[in-house]
Amino acid sequence: MAQKPSIPKGTRDFSPIEVTKRNYIFNIIKTAFQSFGFQPIETPSFEKSETLLGKYGEEGDRLIFKILNSGEKVKKADLQALEDGNLARFSNSLAEKALRYDLTVPFARYVVQHQNDITFPFKRYQIQPVWRADRPQHGRFQEFFQCDADVVGSTSLWQEVEFVQLYDKVFSNLGLEGVTIKINNRKILSGIAEVIGAKDKLIDFTVALDKLDKIGEDGVKNEMLNKGISAEAIEKVQPLFSFSGNLDDKLDQLKQLLSSSDEGMEGIADLEFVFEAIEVLGLETARLDLDITLARGLNYYTGAIYEVAAPKGVKMGSIGGGGRYDDLTGIFGLKNVSGVGISFGLDRIYLVLEELGLFPETVTDKVDVLCINFGEKEALASMKLIKVLREAGKSAELYPDKAKPKKQMNYANKRNIPYVIIIGGNELENNTCTVKNMNDGTQLEVPFDEVLTAF
RNA sequence: GUGAUUGUAGCUCAGCUGGUUAGAGCGCCGGAUUGUGGUUCCGGAGGUCGCCGGUUCGAAACCGGUCUUUCACCCCA
């Protein structure tokens with residue numbers, strides 16, 4: 001193992017079967033995106049640093065891979081910043097480019113840059129890798145794929161409804177039953193912060209609340225106190241901790257709590273709209289759930305927030321997320337364009353499908369027929385057959401070398417090839433070929449021209 | 001970024017309080033069977049014990065560093 005080459009942490013190689021399985025997921029997602037009217041775009045792997053920095057919060061900036069300046073540009077290094085101990089500023093002066101961290105911000109940049117060529121509302125999907133300098137864990141990588149669908153240029157809540165349906169469609173088609181689509185609304189969180197007089201602490205408040213199911217009620221309260229939220233403010237949100245009952249009960253409790261906040265009441269109305277529409281339209285296998293503690297760290301969200309949890313019993317972080325952002329393009333100078341979108345975490349979905357054994361058996365890279373190679377003349381005859389088979393839609397190949405039949409059969413066996421065709425001296429003489437079924441071991445000698453009848 | 005954790009043959013793992021030539025199962029290659037695979041039998045190859053350094057007469061084992069894996073934070077797909 002010593003001198004063997006290796007790849008950086010948090011990255012992976014994919015074997016033929018893995019690529020095949022990944023493509024299976026890609027295809028289902030892509031097909032759903034297209035049937036919902038989304039169009040594909042692609043953006044570069046790296047952007048200018050200034051495009052990405054500052055969009056994901058301080059924590060996010062730390063996780064952005066920066067690309068070291070090359071050639072003469074290294075001279076731009078801000079040595080003063082290094083001396084002053086300002087490492088963030090120093091590293092930014094070394095790098096003018098950075099690998100994309102997600103697909104949403106590059107998309108916002110795309111929309112602003114091409115605004116005159118785009119017909120709004122613009123529905124796009126994008127399936128590309130993203131990079132994060134995170135510490136890897138199970139289901140957590142430094143390079144992974146996101147599959148995004150976003151709509152910009154429409155504030156209609158029907159978009160929110162459609163994204164719930166889109167999530168349901170994809171996970172249903174993947175055979176992954178029992179996923180929970182959690183939904184919340186930033187306006188509600190903002191309203192709560194307003195009501196308790198902690199508007200300036202909105203982020204701290206939501207981050208703490210987000211951890212409710214992890215660290216419990218007391219843990220959340222402690223964290224809020226530590227972040228400088230007053231005890232009496234926390235007292236006011238007590239109802240959140242004993243949040244229960246069915247959807248209507250939950251909404252009623254919220255309305256009571258937020259009656260004095262216009263923004264909060266607006267958020268509730270938004271949610272009601274989505275729930276009522278989904279109630280009528282129905283879902284195939286997913287469940288839509290109001291999760292008032294759902295916050296999501298990305299602070300460009302302003303309206304609906306989504307997160308998808310894997311079925312119970314599967315230990316995996318969220319397998320999808322998204323939400324509405326009213327002013328993402330504003331950062332790049334285009335005002336009043338509201339966007340909403342969702343993302344699928346391909347790599348995590350793969351792990352979940354694998355764990356639950358949900359990949360269909362037909363998902364393989366199988367070759368249908370292998371021709372045994374007995375020498376020049378026989379091989380040429382085999383190649384004629386292979387041509388016929390390929391034209392008939394079967395994948396076929398000739399064993400390239402004249403090896404022992406045993407070895408060739410073994411190869412077919414290991415590659416799971418269901419049929420082997422034998423053309424040796426006897427068959428050449430009789431103008432026939434022998435078709436062997438590798439599953440039951442039976443074989444059949446048929447006239448050369450009638451090979452297709454043997455399948 | 002913080003605190004832990006893992007690394008021995010292609011794979012899954014043994015390897016005692018430091019002590020000769022580091023083992024097993026599976027896989028791989030060859031033969032029994034030179035026109036027939038998955039079963040069986042026989043034989044074989046393959047490891048500077050993640051890497052670098054230190055302690056020691058002696059290190060796979062102890063210590064330090066580093067890389068990697070996994071986990072809890074942080075954050076997130």
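Numbers restart at 1 for each chain; the letters A, B, ... are given by sequence-line order, proteins then strands. These numbers come from a predicted model, not from an experiment.
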Could you check A/Arg62 against A/Phe344 and say which one's nearest nucleotide on RNA chain B is further toward the 5' end?
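By nearest-heavy-atom nucleotide position, the 5'-most residue is A/Arg62.
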Hey, which sits more toward the 5' end of RNA chain B by its nearest nucleotide, A/Thr11 or A/Phe141?
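Counting from the 5' end, the first nearest nucleotide belongs to A/Thr11.
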Distance alone, cut at 3.5 Å: any donor-acceptor contact between the side chains of A/Gln34 and A/Thr31?
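No, A/Thr31 and A/Gln34 have no side-chain donor paired with an acceptor closer than 3.5 Å.
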Looking only at the side chains, is there a donor atom on one of A/Ser395 and A/Asp368 sitting less than 3.5 Å from an acceptor on the other?
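On atom types as modelled, these side chains qualify, holding a pair under 3.5 Å.
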Measure up the A/Tyr411 and A/Tyr399 rings against each other and bin them: parallel (under 30°), tilted (30 to 60°), perpendicular (over 60°).
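Judged by the thresholds at 30° and 60°, the geometry between A/Tyr411 and A/Tyr399 is perpendicular.
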Below 30° counts as parallel, above 60° as perpendicular, anything between as tilted: where do the rings of A/Phe171 and A/Tyr167 land?
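Parallel, since the angle between the ring planes stays under 30°.
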Rounded to whole Å, how long is the line connecting atom [atom1] of [X] with atom [atom2] of [N]?
| X | N | atom1 | atom2 | value |
| --- | --- | --- | --- | --- |
| A/Asn226 | B/C74 | CG | P | 12 Å |
| A/Lys406 | B/U39 | NZ | P | 10 Å |
| A/Met409 | B/U33 | CE | C1' | 13 Å |
| A/Asp13 | B/U68 | CG | P | 15 Å |
| A/Asp134 | B/U68 | CG | P | 14 Å |

Using a 4.0 Å heavy-atom cut-off, does [X] contact any base of the nucleic acid, only the sugar-phosphate backbone, or nothing at all?
| X | result |
| --- | --- |
| A/Gly60 | nothing |
| A/Gln408 | nothing |
| A/Ile319 | sugar-phosphate |
| A/Asn416 | nothing |
| A/Ser343 | nothing |
| A/Lys211 | sugar-phosphate |
| A/Gly317 | nothing |

Below 4.0 angstrom, N of the basic side chain to O of the carboxylate: do A/Asp347 and A/Arg22 qualify?
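Yes, charged N to carboxylate O under 4.0 Å.
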State which of [options] makes the closest approach to the side chain of [X].
| X | options | answer |
| --- | --- | --- |
| A/Lys414 | B/C28, B/U36, B/A77 | B/C28 |
| A/Arg132 | B/U36, B/C71, B/C76 | B/C76 |
| A/Lys436 | B/G37, B/G1, B/U70 | B/G37 |
| A/Pro136 | B/G1, B/G35, B/U69 | B/U69 |
| A/Lys214 | B/G35, B/C73, B/C28 | B/C73 |
| A/Phe374 | B/U36, B/G35, B/C74 | B/G35 |
| A/Arg135 | B/U69, B/C71, B/G35 | B/C71 |

Counting only side-chain N and O atoms of [X], is one of them less than 4.0 Å from OP1 or OP2 of [N]?
| X | N | value |
| --- | --- | --- |
| A/Lys404 | B/G30 | no |
| A/Lys407 | B/U34 | no |
| A/Gln137 | B/A72 | yes |

Could you give the distance separating [M] and [N] at their [atom1] atoms, to the nearest angstrom?
| N | M | atom1 | result |
| --- | --- | --- | --- |
| B/U5 | B/G64 | P | 11 Å |
| B/A4 | B/U66 | P | 13 Å |
| B/U21 | B/U8 | P | 22 Å |
| B/G7 | B/C71 | C1' | 16 Å |
| B/U68 | B/G30 | P | 38 Å |
| B/U2 | B/U17 | P | 34 Å |
| B/G23 | B/G47 | P | 14 Å |

Tell me which pairs pass side-chain hydrogen bond (donor to acceptor under 3.5 Å, both in side chains) where either residue lies in residues 317-327 of chain A, with sequence neighbours left out.
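Of all non-adjacent pairs touching residues 317-327 of chain A, those that pass side-chain hydrogen bond (donor to acceptor under 3.5 Å, both in side chains) are A/Asp150-A/Tyr325, A/Glu160-A/Arg324, A/Thr302-A/Asp326, A/Arg324-A/Ser338, A/Asp326-A/Ser338.
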side-chain hydrogen bond (donor to acceptor under 3.5 Å, both in side chains) partners of residues 39-49 of chain A, not counting sequence neighbours, each pair once:
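Those involving residues 39-49 of chain A are A/Thr43-A/Gln126, A/Glu47-A/Arg109.
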Is A/Asn413 side chain donor-acceptor paired with the B/G38 base, going by distance under 3.5 Å alone?
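For A/Asn413, whose side chain was compared with the base of B/G38, there is no donor-acceptor pair (under 3.5 Å).
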Do A/Asn426 side-chain and B/G35 base share a donor-acceptor contact under 3.5 Å?
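A donor-acceptor contact between them is present.
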Please report whether the ring centroid of A/Phe26 lies less than 6.0 Å from that of A/Phe145.
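Centroid separation for A/Phe145 and A/Phe26: below 6.0 Å.
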Taking the six-membered ring for Trp, is the centroid-to-centroid distance between A/Tyr125 and A/Phe38 below 6.0 Å?
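Centroid separation for A/Tyr125 and A/Phe38: 6.0 Å or greater.
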Range-with-range stems of RNA chain B (Watson-Crick or G-U pairs under 3.5 Å, three or more in a row)
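Ordered by first number, the stems with RNA chain B (at least 3 consecutive pairs each) read B:1-4 with B:70-73, B:10-13 with B:23-26, B:28-32 with B:40-44, B:50-54 with B:62-66.
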